[in-house]
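What follows is a short report on a single structure.
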Amino acid sequence: MSSSLRVSPSIHGYHFDTASRKKAVGNIFENIDQESLQRLFKNSGDKKAEERAKIILAIDQDLEEKTRALMALKKRTKDKLFQFLKLRKYTIKVH
């Protein structure tokens, strides 16, 4: 027999009221400007922050196009990393 415990703030004496929570939105970036979004990405260590922010805030693209653009950006970053690692491997062999 397995028993499951429900983790709840009330265990620690805190009242948990879901009615006072903010409602969820479909697009979490809808009320943010490009500069703030770039700063958010840069602070998280994103080296492609400017390009990523432009893709997300582009109004002439639908969701599918944005998804493809973000995936392509991610792939380019991975490709550059692999290219660097291969180059480093060959450089080590030469020396």
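Values in this document were obtained by computation on a predicted structure and should not be read as measured data. For reference, positions follow the sequence shown, starting with 1.
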Practice task
Over all heavy atoms of both residues, which pair between A49 and F41 is shortest? Give the atoms and the distance, please.
Solution key: CB-CB, 3.5 Å

Exercise for the section: Mark yes or no for whether S36, through its side chain, and I32, through its backbone, hold a donor-acceptor pair below 3.5 Å. Expected result: no

Handout entry: Partners meeting side chain to side chain donor-acceptor pair (under 3.5 Å) with Q61 (sequence neighbours left out)
Key = none

Problem - Inter-residue atom distance L70.CG - E51.CD, 0.5 Å rounding - result: 9.5 Å

Exercise for the section: Kindly compute the distance separating CZ (R68) from CD1 (I55), expressed to the nearest 0.5 Å. Expected result: 12.0 Å

Completion exercise
In this structure, CG of L37 is separated from CZ of R52 (nearest 0.5 Å) by 10.0 Å

Exercise for the section: To the nearest 0.5 angstrom, please state how far the NZ atom of K42 sits from the CD atom of E35. Expected result: 9.0 Å

Problem - Spacing of NZ belonging to K66 relative to CD1 belonging to I56, to within rounding of 0.5 Å - result: 8.0 Å

Exercise for the section: Under the side-chain contact (heavy atoms from CB on, under 4.5 Å) rule, collect the residues that match up with E50, sequence neighbours excluded. Expected result: Q38, K54

